[in-house]
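Here is the structure we will look at, set down as structure tokens.
No experiment lies behind these values; they were computed from the predicted model shown. By convention in this document, chain letters (A, B, ...) are assigned in the order of the sequence lines, proteins followed by strands, and residues within each chain are numbered from 1.
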There are 2 protein chains.
Amino acid sequence: MEKRGLTPERLTRAGAELADEVGFDEVTVSALARRCGVKLPSLYSHLKNSQDLRVRIALFALEELADRVADAVAGRAGRDALAAFADAYRDYAREHPGRYAAARLRLDPETAAASAGVRHAQMARAILRGYELNDPDATHAVRLLGSVFHGYVSLELAGAFAHSAPDEQQSWDWIVDSLDALLRSRSS
Amino acid sequence: MEKRGLTPERLTRAGAELADEVGFDEVTVSALARRCGVKLPSLYSHLKNSQDLRVRIALFALEELADRVADAVAGRAGRDALAAFADAYRDYAREHPGRYAAARLRLDPETAAASAGVRHAQMARAILRGYELNDPDATHAVRLLGSVFHGYVSLELAGAFAHSAPDEQQSWDWIVDSLDALLRSRSS
DNA sequence: GGCTCATGCCTAATGGTACTAGGAGAACTG
DNA sequence: CAGTTCTCCTAGTACCATTAGGCATGAGCC
């Protein structure tokens with residue numbers, strides 16, 4: 001009965017890896033206990049319940065993704081920044097599909113407000129600063145970008161674009177180009 | 001032990017209603033049995049298993065949604081058709097969130113090929129006919145529309161845009177306008 | 001070093017969901 | 001009307017989530 005070094009942080013990380021391997025929906029307290037070589041109820045010393053685990057993984061993924069996006073857009077502006085922003089999301093989703101799905105978990109308002117989710121919104125606004133939109137338009141544009149990127153990535157992950165020409169990468173580039181043109185045309 | 005008139009079709013419909021009430025993820029064989037006033041194992045005469053139920057609801061929702069969209073765009077073209085198409089999706093998702101979530105269930109390729117999903121793609125292409133895009137661009141545009149509409153609707157349902165100005169309807173209108181302008185500018 | 005004590009992990013038990021096996025009665029079919 | 005089929009049932013298995021309660025290990029105190 002030696003003690004493993006289980007902590008909420010390690011469990012969260014292990015849960016994130018598990019999510020990438022088997023899908024976020026299959027992340028279960030049981031499976032995580034098995035992966036950690038521990039009996040199921042042992043985890044309840046570190047986690048409140050199953051939902052708590054899911055939320056922790058979601059917050060972890062939001063944080064990690066925000067870091068990546070911030071890194072990608074640093075020092076860029078305009079079309080360059082837009083493309084880097086978009087690619088950071090898409091690459092993360094392709095590299096870590098389970099974590100990406102986790103990041104889309106619906107959080108209750110106060111948890112969301114304290115999460116890295118706000119950094120995502122701030123970064124989207126920062127990208128748009130280069131396009132000099134006036135006030136209501138900037139918010140509309142944030143929502144448009146969020147919709148397109150999230151929508152494309154989730155459809156792509158679901159396989160909706162697979163097995164049909166043209167290549168998914170070409171469509172992605174075309175879409176990013178189009179959004180850039182769109183935003184420039186809306187510039188005040 | 002009188003026989004109820006349970007059929008796969010009625011169970012599918014009841015499942016769709018249940019999905020709208022409690023969310024697609026909470027649609028369970030148990031809950032459906034309770035709702036139908038029948039013991040759980042009885043449903044296994046009509047359904048293969050839990051996944052079969054989910055797929056049936058998904059196919060039902062795809063069909064119903066395709067009918068609505070077809071109805072909405074009939075006799076329209078250009079910006080009108082685009083707006084009708086977009087609104088049909090959004091209205092369906094708001095009216096039937098559980099069914100909309102069901103329609104997004106990942107289907108295996110042969111099931112998807114036999115589903116109303118193909119009608120959705122055809123209708124999107126039909127809308128774009130009014131913009132006279134050349135061949136690869138038309139596919140990119142189909143993917144863009146799918147991404148934006150799906151992305152916006154799912155973020156809106158998740159509450160991502162709630163409780164912050166401006167109004168969700170205004171952003172939606174702005175986005176549809178923007179897409180119309182974008183497609184016209186890409187016209188060959 | 002020995003005592004205490006919190007803690008980390010355990011076993012045991014409950015309840016919910018998915019699913020299978022097998023039975024009994026109602027309804028259809030000849 | 002007899003046989004068959006079909007629908008629904010009870011009973012039982014297995015897995016997941018969660019709680020209760022126990023024991024031992026390792027940390028802190030003297």
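- Between A/Arg94 and A/Glu156, at least one side-chain N (NZ, or NE/NH1/NH2) sits under 4.0 Å from a carboxylate O, which counts as a salt bridge.
- B/Ala33 approaches B/Leu40 most closely through the heavy-atom pair CB-CA, 3.6 Å.
- Atoms CG (A/Leu47) and P (C/dC9) sit 12 Å apart, rounded to a whole Å.
- Rounded to a whole Å, the CG atom of A/Asp52 is 12 Å from the P atom of D/dT19.
- Checking side-chain atoms of A/Arg99 against main-chain N and O of A/Tyr92 turns up no donor-acceptor pair under 3.5 Å.
- Of the candidates D/dC9, C/dC9, C/dA18, C/dA18 carries the atom nearest the B/Ser30 side chain, counting heavy atoms from C-beta on.
- Across the interface with DNA chain D, nearest-nucleotide mapping of A/Arg34 and A/Lys48 shows A/Arg34 to be the residue nearer the 5′ end.
- Of the candidate nucleotides D/dC8, D/dT18, C/dT20, D/dT18 has the atom nearest to the side chain of A/Tyr44.
- Taking the six-membered ring where the residue is Trp, the centroids of B/His96 and B/Tyr100 are separated by 6.0 Å or more.
- Among the heavy atoms of the strands lying under 4.0 Å from B/Ser42 is at least one base atom, whether or not backbone atoms are also near.
- Rounded to an integer number of Å, the gap from B/Arg35 CZ to C/dT17 P is 15 Å.
- The nearest whole Å value for the distance from the CD atom in B/Glu26 to the P atom in C/dG16 is 16 Å.
- Closest non-hydrogen pair, A/Val27 versus A/Leu18, comes out as CG2-C, 4.2 Å.
- Listed pair B/His46 / D/dC6 fails the phosphate criterion, with no side-chain N or O lying under 4.0 Å from OP1 or OP2.
- An OP1 or OP2 oxygen of D/dA17 is reached within less than 4.0 angstrom by a side-chain nitrogen or oxygen of A/Thr28.
- Per the geometry, CG belonging to B/Leu43 stands 9 Å off P belonging to D/dC8, to the nearest Å.
- The separation between B/Leu40 atom CG and C/dC19 atom P is 9 Å, rounded to whole Å.
- As a whole-Å value, the separation of A/Asn49 CG from C/dG16 C1' is 16 Å.
- Counting any heavy atom pair closer than 4.0 Å across all strands shown, B/Ser45 reaches a base atom.
- Comparing C/dC10, D/dT18, D/dT10 by their nearest atom to the side chain of B/Lys39 picks out D/dT10.
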